[in-house]
A.B. asks: 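Could you have a look at this structure, given as structure tokens, before my questions?
Side chains are part of it too, since the values below use all heavy atoms of this structure and drop only hydrogens, waters and symmetry mates. Letters A, B, ... are given to chains in the order of the sequence lines, protein chains preceding strands, and every chain is numbered from 1.
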There are 2 protein chains.
Amino acid sequence: RTLNERLGAQVWLKAEGFQRGGAFKFRGAYNAISRLPEEALRTGVAAFSSGNHAQAVAISARLMGTTAVIVMPEDTPAAKLDATAGYDAEIVTYDRYSGDREAIARKLAAERGAELVPSYDHADIIAGQGTVGLELMRQCAEQGHTPDQVLIPCGGGGLSAGSAVAIRDISPATTVHPVEPEGFDDTRRSLAAGERLSNDASARSICDALQAGTPGAMTFPINRRLLGEGLVVSDEEVREAMRFAFRHLKLVIEPGGAVALAAVLAKKVPTRDKVTVVVLSGGNVDPEMFAAIQGA
Amino acid sequence: RTLNERLGAQVWLKAEGFQRGGAFKFRGAYNAISRLPEEALRTGVAAFSSGNHAQAVAISARLMGTTAVIVMPEDTPAAKLDATAGYDAEIVTYDRYSGDREAIARKLAAERGAELVPSYDHADIIAGQGTVGLELMRQCAEQGHTPDQVLIPCGGGGLSAGSAVAIRDISPATTVHPVEPEGFDDTRRSLAAGERLSNDASARSICDALQAGTPGAMTFPINRRLLGEGLVVSDEEVREAMRFAFRHLKLVIEPGGAVALAAVLAKKVPTRDKVTVVVLSGGNVDPEMFAAIQGA
């Protein structure tokens, strides 16, 4: 209500922090892992992830009765490392800015005969994440609305791609905006250029979940066909959105999960008299970081 | 899921932080104020409150097109003071431990001809708060469950009384436990003694919302007839519950709103193999206090 009054808008929030593992990632990981053939499940799965996909793979592997080894950046928030280990996954860390996580994960997977579960560039992952878009369209329909626009946090582009397929199949007139943190706006720039561009390796952001270096080879062609303009928010706009969520929504949102909310609060896109859906994609944030942001 | 696994129980949470004004109090205040005769609405309403009832009265008064003057303790969390003022209410502060808030509010109401809206001892307030119990029973029924027990944060006893009327009318076999912070367990002791007992004036707790001095004259006879044993939690058990809610539920709960969750986490009542509903009664907490609790 406060958000709508402040913006003169009708904004709906899709709260993925309530999903298993505290983020939307379980949708894709479980879809992919539950569809693996039985032989593959016998030798286990492997993944590389900044955290939320890691938890999702670990939970899904346990549910399917197989093992998981996960390659994670060594500066991953402790909440995500601990939660992943808590689901019995084996964790291998690497340096986010110098290591090649994909190469490390591929090597591990090859050594063990484990099936690599990518975090976005895979049809089953994209389809699973797309249930966010499918659900939010159904939930809006139940309320008698069709969104004019949907704002979606964007890292590798799997959530955007899958959701855009569902959303624009149901309502071709709805615009889907990916939202990225400053310095990690590879999808925005790639959409504008019509080709996959990378982020500068020196970029830094508090949005640990949205630091993919370049749009996915499989997600980008989908996103290029279906997404509207990409939006970008600063770390301070993200912090402000996290404070708004604490104060008015009573929700814990992690930095990467708050970028779409930050975009509407910072008026990066017109919302007046429109129906806007904002995806809050996850809530896994260390208490120390959250406390520092709220206490500021 | 984590809560259920940890306790071997089935626990459902009723999240009243999502209610207007961030706590269950809007239910009673709006019920009472919307039922006032037109003459009464012309001269405005008055209330005394530690915060959540204040916001609820302020919102309800604005919705009904009337004015509100609210007597609040001077140490009320800033989030609650600011929010109340933000709904255009006039605020008069007093010292929580030496002033008589009821006398101050009665004097103000008399001077202005304003209708005093009590925070619990009023049939319309109790009935409004009781919709929490009514709703949670309906929501459980939708899931195919009947709760064995419902744990409800208890200050003056309005939420407990109204909810117990609804819950035990629908399911006489369900036990309703009031939960109070240490030092403010007047309802627990009064239920055990069969008469209204007061708290020691020297008691202190972080649960600012649950510091009524004695059970209500109208709520206690209802509670005496309908409630099970009262439960008590320490401030540290409340902090632990707030940390659990942050980490696993992604919910912001205020100290007073977290006492029932604290009681199940601290195993103050058996939950194994039972269906337990926990009322999270509010989420209005200052960011500084929240940060201090999470960061610890």
Side-chain angles (χ1 to χ4, degrees), chain A residues 1-6 12-24 26 52 55 59 62-63 77-83 86-88 239-240 242-255 257-258 280-296, chain B residues 1-6 12-24 26 52 55 59 62-63 77-83 86-88 239-240 242-255 257-258 280-296:
Chain A
R1 200 167 272 111
T2 304
L3 189 59
N4 289 351
E5 282 172 13
R6 187 183 289 190
W12 296 88
L13 305 166
K14 178 73 172 152
E16 285 293 297
F18 297 146
Q19 185 53 259
R20 289 190 81 152
F24 71 96
F26 175 74
N52 286 330
Q55 282 185 69
I59 298 169
R62 197 166 71 165
L63 284 171
K80 294 182 180 180
L81 281 171
D82 295 349
Y87 294 115
D88 308 326
R239 287 191 196 95
E240 192 52 42
M242 289 172 69
R243 288 191 280 262
F244 183 91
F246 169 83
R247 189 181 179 100
H248 297 290
L249 309 175
K250 314 302 177 190
L251 292 177
V252 175
I253 314 178
E254 66 180 275
L280 309 173
S281 53
N284 295 321
V285 50
D286 273 351
E288 294 76 13
M289 180 190 235
F290 194 82
I293 289 170
Q294 299 302 336
Chain B
R1 201 167 273 111
T2 304
L3 188 59
N4 289 351
E5 282 172 13
R6 187 182 290 190
W12 297 88
L13 305 166
K14 178 75 173 151
E16 286 293 296
F18 297 146
Q19 184 54 260
R20 290 192 79 154
F24 71 95
F26 175 75
N52 286 331
Q55 282 185 69
I59 298 168
R62 196 166 73 167
L63 284 171
K80 294 182 179 180
L81 280 171
D82 295 350
Y87 293 115
D88 308 326
R239 288 191 195 95
E240 192 52 41
M242 290 173 69
R243 289 191 281 263
F244 183 91
F246 169 84
R247 188 180 180 101
H248 296 289
L249 310 175
K250 313 304 176 188
L251 292 178
V252 175
I253 314 179
E254 66 181 275
L280 309 173
S281 53
N284 294 320
V285 49
D286 274 352
E288 293 76 13
M289 180 190 235
F290 194 82
I293 289 170
Q294 299 302 335

A.B. asks: Chain A heavy atoms under 4.5 Å from Leu249(B): which part of the residue, side chain, backbone, both or neither?
C.D. replies: backbone

A.B. asks: Can you find a heavy atom in the side chain of Met289(A) that is under 4.5 Å from one in the side chain of Pro77(A)?
C.D. replies: no

A.B. asks: Pick one of side chain, backbone, both or neither for Asn284(A), based on which atoms fall under 4.5 Å of a heavy atom in chain B.
C.D. replies: both

A.B. asks: Quick one: salt bridge (Lys or Arg N to Asp or Glu O under 4.0 Å) partners of Arg20(B), sequence neighbours excluded?
C.D. replies: none

A.B. asks: Give, as side chain, backbone, both or neither, the part of Phe246(B) having an atom under 4.5 angstrom from any heavy atom of chain A.
C.D. replies: both

A.B. asks: Sequence neighbours left out, what passes salt bridge (Lys or Arg N to Asp or Glu O under 4.0 Å) with Arg247(A)? Give chain and number order.
C.D. replies: none

A.B. asks: What's the separation between atom OG in Ser281(A) and atom CD1 in Ile253(A), rounded to the nearest 0.5 Å?
C.D. replies: 9.0 Å

